[in-house]
Amino acid sequence: MQKCVLIISSSMRNRSNSDKLAQQFAKGAEEAGNKVEIVKLKGKNLAFCQGCLACAKTGHCAINDDGNEIAEKMKQADVLVFATPIYYYELSGQMKTMLDRANPLYFVDYAFRDVYLLTTAADQDAVTPERAVNGLEGWISCFEKAGLAGTLFAGGVDAAGEIEENPAVEKAYEMGRRV
């Protein structure tokens with residue numbers, strides 16, 4: 001059965017390492033017969049959540065920017081994939097902002113069940129992605145029908161494009177094929 005896969009990439013760099021993981025995941029998922037879209041937060045107009053909770057009544061955010069369109073795509077996707085560099089052992093600020101702006105999804109029927117996290121960092125310790133994973137798990141726990149389906153961490157990649165020969169590139173592709 002074909003699934004709708006939405007990949008949200010939060011890196012602000014050109015030739016980003018986390019973007020490469022997103023592209024490889026997308027390639028694998030497409031080759032497996034799924035419909036895939038990648039949304040890059042770079043260049044998007046995305047304001048911070050104001051905490052007004054208007055979304056509880058309307059089903060969408062009161063802020064009129066790109067966050068509403070992205071949240072609507074999240075609502076309709078069967079699979080969500082978040083690709084982010086790790087900054088200070090956490091999700092990037094851009095990714096966290098988008099997760100906060102997806103608050104309207106809490107109040108509506110959403111399609112996503114499987115959520116994946118693809119991360120990169122200069123630090124290569126195995127514990128490096130733990131806080132980022134925990135942060136996403138906190139968001140997922142608000143959506144009873146969804147669960148964390150997989151994570152992938154590529155450590156030791158700092159400069160843009162440095163990930164090219166990293167084994168995580170092939171792992172991202174394989175993870176996408178299994179969606």
For Phe25 versus Val5, what's the shortest heavy-atom pair and its separation? CE2-CG1, 4.2 Å

Sub-3.5 Å donor-acceptor pair from the side chain of Asn34 to the main-chain atoms of Cys4, do we have one? no

For a 4.5 angstrom cut-off between non-hydrogen side-chain atoms, does Phe153 reach Val133? no

Counting only pairs under 3.5 Å, give me each side-chain donor-acceptor contact of residues 165-179, with atom names and distances, residues two or more places apart or in other chains.
from   : atom 1 : to     : atom 2 : distance (Å)
Asn166 : OD1    : Ala168 : N      : 2.8
Tyr173 : OH     : Glu31  : OE1    : 2.4
Arg178 : NH1    : Glu174 : O      : 3.4

Is the closest side-chain heavy-atom distance between Tyr89 and Thr128 below 4.5 Å? yes

Between Thr84 and Ser18, does the side-chain hydrogen bond (donor to acceptor under 3.5 Å, both in side chains) criterion hold? Intermediate values first, please. CA-CA 6 Å; Thr84 183; Ser18 56; 6.0 Å; no

Would a hydrophobic clustering, with Ile, Leu, Val, Met, Phe, Trp and Tyr connected at side-chain separations under 4.5 Å, put Leu152 with Leu80? no

Which atom pair, heavy atoms only, marks the closest approach of Ile86 to Ala121? CB-CB, 4.0 Å

Side chains of Val81 and Ile8: does their closest heavy-atom pair fall under 4.5 Å? no

Leu118 side, atom CG; Phe82 side, atom CZ - distance, nearest 0.5 Å: 10.5 Å

Would you indicate whether the side-chain heavy atoms of Thr120 and Leu21 approach each other to under 4.5 Å? yes

Exactly one of Gln76, Glu37, Lys75, Lys35 clears side-chain contact (heavy atoms from CB on, under 4.5 Å) with Leu6, and that residue is Glu37

Flag yes if more than 12 heavy atoms outside Phe107 fall under 6.0 Å of its CZ atom; otherwise flag no. yes

Does the side chain of Ile63 come within less than 4.5 Å of Phe48's, by heavy atoms? no

For Arg13, look at atom CZ and say whether over 12 heavy atoms of other residues, nucleotides or ligands are found less than 6.0 Å away. yes

Which pairs of donor and acceptor atoms, one on a side chain in residues 137-150, lie under 3.5 Å apart (sequence neighbours left out)?
from   : atom 1 : to     : atom 2 : distance (Å)
Trp139 : NE1    : Leu99  : O      : 3.2
Ser141 : OG     : Gly138 : O      : 2.7
Lys145 : NZ     : Asp109 : OD1    : 2.5

Kindly compute the distance separating CZ (Phe112) from CE (Met74), expressed to the nearest 0.5 Å. 6.0 Å

Looking at every non-hydrogen atom in both residues, tell me the closest pair between Asp114 and Lys3 and how far apart they are. OD2-NZ, 4.0 Å

If you define the side chain from C-beta out and look only at heavy atoms, does anything of Thr119 sit under 4.5 Å from Thr151? no

side-chain contact (heavy atoms from CB on, under 4.5 Å) test vs Gln94 passes for just one of Lys42, Met12, Lys44, namely Met12

Quick one: do Lys40 and Asp19 make a salt bridge, cutoff under 4.0 Å? yes

Looking at Asp65 and Arg101, does any basic side-chain N land under 4.0 Å from a carboxylate oxygen? yes

Side chain Asn68, main chain Cys61, donor-acceptor under 3.5 Å: yes

Dump the intermediate steps for side chain to side chain contact (heavy atoms under 4.5 Å, CB included) on Glu162 and Asn17, then the final yes or no. CA-CA 7 Å; Glu162 192 171 355; Asn17 295 312; 4.2 Å; yes

Pairwise distance NZ(Lys27) to CD1(Ile38) - rounded to 0.5 angstrom: 12.0 Å

Nearest 0.5 angstrom please: Asp66 CG to Leu41 CG, how far? 9.5 Å

State the CG-CG distance between Leu117 and Leu136, to the nearest 0.5 angstrom. 5.5 Å

Within a reach of under 6.0 Å around CG of Asn64, are more than 12 heavy atoms found that belong to other residues, nucleotides or ligands? no

Tell me, do Ser10 and Pro85 make a side-chain contact under 4.5 Å, heavy atoms counted? yes

Once you round to the nearest 0.5 Å, how far does CG of Leu46 lie from OG1 of Thr97? 6.0 Å

For the hydrophobic clusters of this structure (ILVMFWY residues joined by side-chain heavy atoms under 4.5 Å, transitively), does one cluster hold both Leu91 and Leu105? yes

Partners of Glu69 by salt bridge (charged side-chain N to carboxylate O under 4.0 Å, His left out), sequence neighbours excluded? Lys73

Can we say Lys96 and Asp100 salt-bridge, meaning some charged N sits less than 4.0 Å from an Asp/Glu carboxylate O? yes

Heavy-atom side-chain contact between Val36 and Ile7 under 4.5 Å: yes

